[in-house]
Amino acid sequence: MKTSQLLIPTLREDPVEAETVSHRLMLRAGLIRKTAAGIYTYLPLGLRVIRKIEQIIREEMNRAGAQELLMPIASPAELWKETGRWDYYGKELLRFKDRHERDFCLGPTHEEVITDLFRREVRSYRQLPLNFYQIQTKFRDEIRPRFGLMRGREFIMKDAYSFDSDEAGARTSYQKMYDAYTRIFTRCGLTFRAVEADTGLIGGDVSHEFMVLAETGEATVAYSDQSAYAANLERAEVLPPTDIDDAPLRHLTPVTTPQCRTVEEVTAFLKIPPRQLVKTLIYNTGKDTVAVLIRGDHELNEVKLARLLQVTEVRLAESEAVKSLTGAPVGFAGPVGLPGVRIVADHAVHGMKNLVVGANRADTHYMDANQDRDFKIDQFADLRNAQAGDPSPRGAGSLTLAKGIEVGQVFLLGTKYSKSMNATILDEKGQERLAVMGCYGIGVGRTAAAAIEQNHDDKGIIWPFPIAPFHVHLLPVSQSTTTAEATARLYEDLLAGGFEVLWDDRNDRAGVKFNDADLIGAPIQVVVGDKGLADGVVEVKVRRSGVKSRIAPSDVVHHLRILSATTA
RNA sequence: CGGGGCGUAGCGCAGCCCGGUAGCGUACUCGCUUGGGGUGCGAGUGGUCGUGGGUUCAAAUCCCGCCGCCCCGACCA
């Protein structure tokens, strides 16, 4: 392709709206343009990257035995009402009415649609296992889209759904997808980790997220330094501590702590370490109110709390609610004499003695409060976020925290959807039974963004070979007919050699071409100019290393074959 | 939705405090020049200053409403 035939509107300066590296570079390199908040147009170069990733996904999904189909973007409300997600999904589901006033939504995911297809078309266990996938535009009306393709409202997703006749089969299907995902992200040239994950709105029993490790990631990953354990921070288990404080119990003593609301303020005022204080957080579950006790230096994990309380969402109580419950302003809540409310505590609180807690009175805390004697805890559970250095919950080692971008997630759904939608098959005994499902997603645009986050320098993008929009950027830097002819010959040779070539045929100075080439990030640049041709060579530059070699034009294809095999 | 910030030419910005016929850089067009890391000179094109209202002889500038966008939090591929 010639540059003059493609719209590649590179920008010299950073657009202000873009903060993260991938967003900035996608705009600057002319890959995407914004159409509305969280909604983007893929320009020719950006689309080529998307198509490359899609192709890798297709090949690996097909290899894993999945079959491609394409479901509609608009789906009728009835299906969503069957599973209850019409109400449950909330505002993220973009709804609209057709001309007959019938309710529809734009599909944010397709469990309902595929399960409907399955129950109509599949009758027998003999047809299983089945795995259907599609690569399609999804719409989720995100509260705050950001970072370009990283979190758009409209985005391209590969989603797959497996159906098995029993749990064991479903696990096999799950594992196949897990393995396929591993191959996909490896082929895309990404450094990633599969981590145990929470199941969120999709639901189900088991889930892994595929996290590309990058500083700009929105998720935090906890992984063991000595074993395979890795989990999303939301999910990472924390073992109950084994040490128990055996200090003698001291008398419960109120102390005045004027204006000391936060852990920092109280512990600084009392000159105690944060780990000796227990903070009391008042939470609403929608149904009722609970008090949660967490050690001062720990962080409550709301996902774990919601799971413990078996509700979908927990929310910190409003300050007015805290006041009326505790009789004190926010900052002085404590478990001692807290009336008629369920008290749950993190495991770490279990072994503690002589705690500092709020006294449910303005500007007052208690010192040396003790459980059972001064207050009662209804239940202990794992409620805090894992911290770096915590022992790995399974296997050896201790945990390290890192930031990650979630590019894919696999779920073992069980019968959640087949049950609510009555998707059954007949087993070998002629008995009707629910299909056991799994679902599997990959964010295609997000994968591209993650690749940029992981592969760039201050000049621009450095595409991994398999997903580069072009393999080779051909850069004539002289205006002579010698250079023009040599470039044209080389272009034909490279195409014949199976390379995708972007030929910068603009009448611009060398510097302009070099800068654009570095920005666009094709893994290999071939520079053709009078100087080199006089010596019978052209210059081959590897974008990532910057290493340049002088190669005879007739040897370029051979040389690039070797390079492409090693620079992927 | 809560908190912070911003809307002036395709992009990056100044002008606003102190009202008086809209400017810089870049990009784009033309001419000459240059020709291996964003060449130089000159001449141009392009803006109802987000939008609606108000104050005023006069509003980009002051006041009020609305809309949009970005960043931080709660959600997710």
Side-chain angles (χ1 to χ4, degrees), chain A residues 9-20 23-24 27-28 30 33-34 36-39 53 57 89-93 108-110 135-160 181 197-202 207 209-212 217-219 232 234 302-303 306 312-316 318 405-411 439-450 459 475-480 483 506-519 525 527-534 538-539 541 546 548:
Chain A
T10 55
L11 299 176
R12 205 157 164 169
E13 283 164 296
D14 287 333
V16 270
E17 67 183 54
E19 193 92 329
T20 52
H23 189 193
R24 216 159 52 215
L27 289 168
R28 281 196 57 206
R33 283 295 182 264
K34 187 174 68 180
I39 298 176
I53 295 172
I57 292 173
Y89 219 105
K91 289 190 174 173
E92 237 180 76
L93 192 63
T109 174
H110 280 68
I135 298 175
Q136 184 220 34
T137 298
K138 296 282 184 282
F139 198 96
R140 296 183 186 174
D141 202 357
E142 294 275 350
I143 298 167
R144 185 154 87 85
R146 58 182 141 176
F147 305 152
L149 295 194
M150 200 83 93
R151 179 195 293 275
R153 293 195 293 167
E154 187 179 295
F155 60 98
I156 298 172
M157 178 164 125
K158 186 286 299 177
D159 46 325
Y181 276 36
D198 192 61
T199 50
L201 273 184
I202 306 289
S207 179
E209 288 167 332
F210 287 76
M211 295 282 197
V212 169
E218 294 183 88
N232 189 312
E234 286 179 344
E302 293 189 350
V303 174
T312 55
E313 190 185 34
V314 293
R315 191 161 281 191
L316 263 175
E318 306 284 330
I405 300 165
E406 184 196 340
V407 290
Q409 187 165 10
V410 291
F411 298 84
C439 75
Y440 318 92
I442 291 178
V444 177
R446 190 182 278 186
T447 300
K459 291 268 187 186
L475 307 167
V477 292
S478 306
Q479 280 60 46
S480 67
T483 292
R506 297 174 299 176
N507 184 22
D508 267 306
R509 300 176 60 91
V512 174
K513 295 185 180 183
F514 289 146
N515 281 306
D516 268 352
D518 287 347
L519 177 61
Q525 295 170 13
V527 181
V528 185
D530 290 349
K531 285 187 188 172
L533 290 175
V538 297
E539 199 172 82
K541 179 181 141 186
K548 297 171 188 169

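We use all heavy atoms of the structure for the numbers below, so side chains are in, but hydrogens, waters and symmetry mates are not. Just so we're on the same page: letters track the sequence lines, and every chain starts at 1.
Out of B/A77, B/C70, B/G35, the shortest distance to the side chain of A/R509 is found at B/G35. For A/A37, whose side chain is taken as the heavy atoms from C-beta onward, the closest listed nucleotide among B/C11, B/G38, B/C70 is B/C70. The A/K531 side chain lies nearest to B/G36 when the options are B/G37, B/A27, B/G36. Checked against B/G37, B/G73, B/A77, the side chain of A/E142 finds its nearest nucleotide in B/A77. Comparing B/G12, B/G35, B/C76 against the side chain of A/R446 picks out B/C76 as the nearest. When the nucleotides B/C76, B/G12, B/G37 are ranked by their closest atom to the side chain of A/K459, B/G37 comes out on top. Among the nucleotides B/C75, B/C11, B/G37, the one closest to any side-chain atom of A/F514 is B/G37. Residue A/M157 has its side chain nearest to B/A77 when only B/C72, B/A77, B/C69 are considered.
To the nearest whole angstrom, the two P atoms, one in B/G47 and one in B/G5, are 33 Å apart. Using P as the reference atom, B/G23 and B/C28 are 22 Å apart when rounded to the nearest Å. When the C1' atom is compared between B/U34 and B/C41, the two are found 11 Å apart, to the nearest whole Å. Look at the C1' atom in both B/U29 and B/C67: the space between them is 35 Å, to the nearest Å. Of the P atoms belonging to B/A9 and B/C24, the separation is 14 Å, rounded to the nearest Å. Spacing of C1' atoms, B/C63 relative to B/U55, comes out at 7 Å, to the nearest Å. Going from the C1' atom of B/G38 to that of B/U21 covers 36 Å, rounded to whole Å. Look at the P atom in both B/C6 and B/A14: the space between them is 10 Å, to the nearest Å.
One can place CD of A/E539 at 13 Å from P of B/G36, the figure rounded to the nearest angstrom. In this structure, the CD atom of A/E209 is 7 Å from the P atom of B/A77, given to the nearest Å. Spacing between atom CG of A/L27 and atom C1' of B/C70 amounts to 13 Å, rounded to whole angstrom units. The interatomic distance linking A/L533 (CG) with B/G36 (P) rounds to 13 Å, in whole Å. In this entry the distance linking CD of A/E17 with P of B/G68 reads 16 Å, nearest Å. When the C1' atom of B/G12 is taken as reference, atom CG of A/L11 falls 10 Å away, rounded to whole Å. The CD atom of A/E92 sits 9 Å away from the P atom of B/A77 (whole-angstrom rounding). Remark: P of B/G35 and CG of A/N515 are 19 Å apart, rounded to the nearest angstrom.
For the pair A/K138 and B/C76, the criterion of a side-chain N or O lying under 4.0 Å from OP1 or OP2 is not met. In this model, the phosphate group of B/G38 is not approached by any side-chain N or O of A/R506 to a distance below 4.0 Å at OP1 or OP2. Here A/R146 does not reach the OP1 or OP2 of B/C76: none of its side-chain N or O atoms lies under 4.0 Å away. Remark: A/Q409 is in phosphate contact with B/A77, judged by side-chain N or O atoms under 4.0 Å from OP1 or OP2. Remark: A/R12 is in phosphate contact with B/A27, judged by side-chain N or O atoms under 4.0 Å from OP1 or OP2.
Base pairing annotation: B/G23 forms a Watson-Crick or G-U wobble pair with B/C13, both donor-acceptor distances under 3.5 Å. In this structure, B/C28 and B/G44 make a Watson-Crick or G-U wobble pair, each of the two defining distances being under 3.5 angstrom. The partner of B/G2 is B/C72, by the rule that a Watson-Crick or G-U pair needs both atom distances under 3.5 Å. Under the Watson-Crick or G-U wobble criterion, with both distances below 3.5 Å, B/G37 has no partner in any strand shown. Applying the Watson-Crick and G-U wobble criteria (two distances, each under 3.5 Å), B/C66 pairs with B/G50.
Across the interface with RNA chain B, nearest-nucleotide mapping of A/A36 and A/Q479 shows A/Q479 to be the residue nearer the 5′ end. The 5' end of RNA chain B is approached more closely, in terms of each residue's nearest nucleotide, by A/D14 than by the other of A/Q525 and A/D14.
Using a 4.0 Å heavy-atom criterion, one finds that A/F147 contacts the sugar-phosphate atoms exclusively. Residue-level contact check: A/V407 touches the backbone only, with heavy atoms under 4.0 Å from sugar-phosphate atoms and none from bases. Residue A/G148 is out of contact with every strand shown, counting any heavy-atom pair closer than 4.0 Å. Looking at heavy-atom distances under 4.0 Å, A/G445 makes no contact with the nucleic acid at all. Note on A/K158: nothing from the nucleic acid sits closer than 4.0 angstrom, heavy atoms only. Residue contacts for A/G441: at a heavy-atom cut-off of 4.0 Å it reaches no nucleic acid atom on any strand shown. Using a 4.0 Å heavy-atom cutoff across all strands shown, A/V444 reaches no nucleic acid atom at all.
Atom CD of A/E406 is separated from atom CD1 of A/I442 by 11.5 Å, given to the nearest 0.5 angstrom. Rounded to the nearest 0.5 angstrom, A/L533 CG and A/T483 OG1 are separated by 5.0 Å. In this structure, NZ in A/K91 is found 9.5 Å from CG in A/D141, a value given to the nearest 0.5 Å. The distance from the CZ atom of A/R506 to the NZ atom of A/K513 is 7.5 Å, given to the nearest 0.5 Å.
For the pair A/R146 (side chain) and A/R151 (backbone), a donor-acceptor distance under 3.5 Å is absent. Side-chain atoms of A/R153 never come within 3.5 Å of backbone atoms of A/R140 as a donor-acceptor pair (strictly under, hydrogens ignored).
Put simply, the side chain of A/D518 and the base of B/G37 share a donor and an acceptor less than 3.5 Å apart. Judged by distance alone, with hydrogens and angles left aside, A/R33 brings no side-chain donor or acceptor close enough to the base of B/C11 to form a pair under 3.5 Å. Judged by distance alone, with hydrogens and angles left aside, A/N507 brings a side-chain donor or acceptor within reach of the base of B/G35, the pair sitting under 3.5 Å. Applying the 3.5 Å distance criterion, the base of B/C76 shares no donor-acceptor pair with the side chain of A/R153. A donor-acceptor contact under 3.5 Å is formed by the side chain of A/K541 with the base of B/G37.
Side chains of A/T137 and A/E154: no donor on one and acceptor on the other come within 3.5 Å.
Nearest heavy atom pair, residue A/Q136 against residue A/H110, reads OE1-CE1, 3.2 Å. Annotation for A/D518 and A/K541: closest pair OD1-NZ, 3.3 Å, computed over non-hydrogen atoms.
Of the residues listed (A/T10, A/L519, A/D516), the one engaging A/R28 in a side-chain contact (heavy atoms from CB on, under 4.5 Å) is A/L519, and it is the only one.
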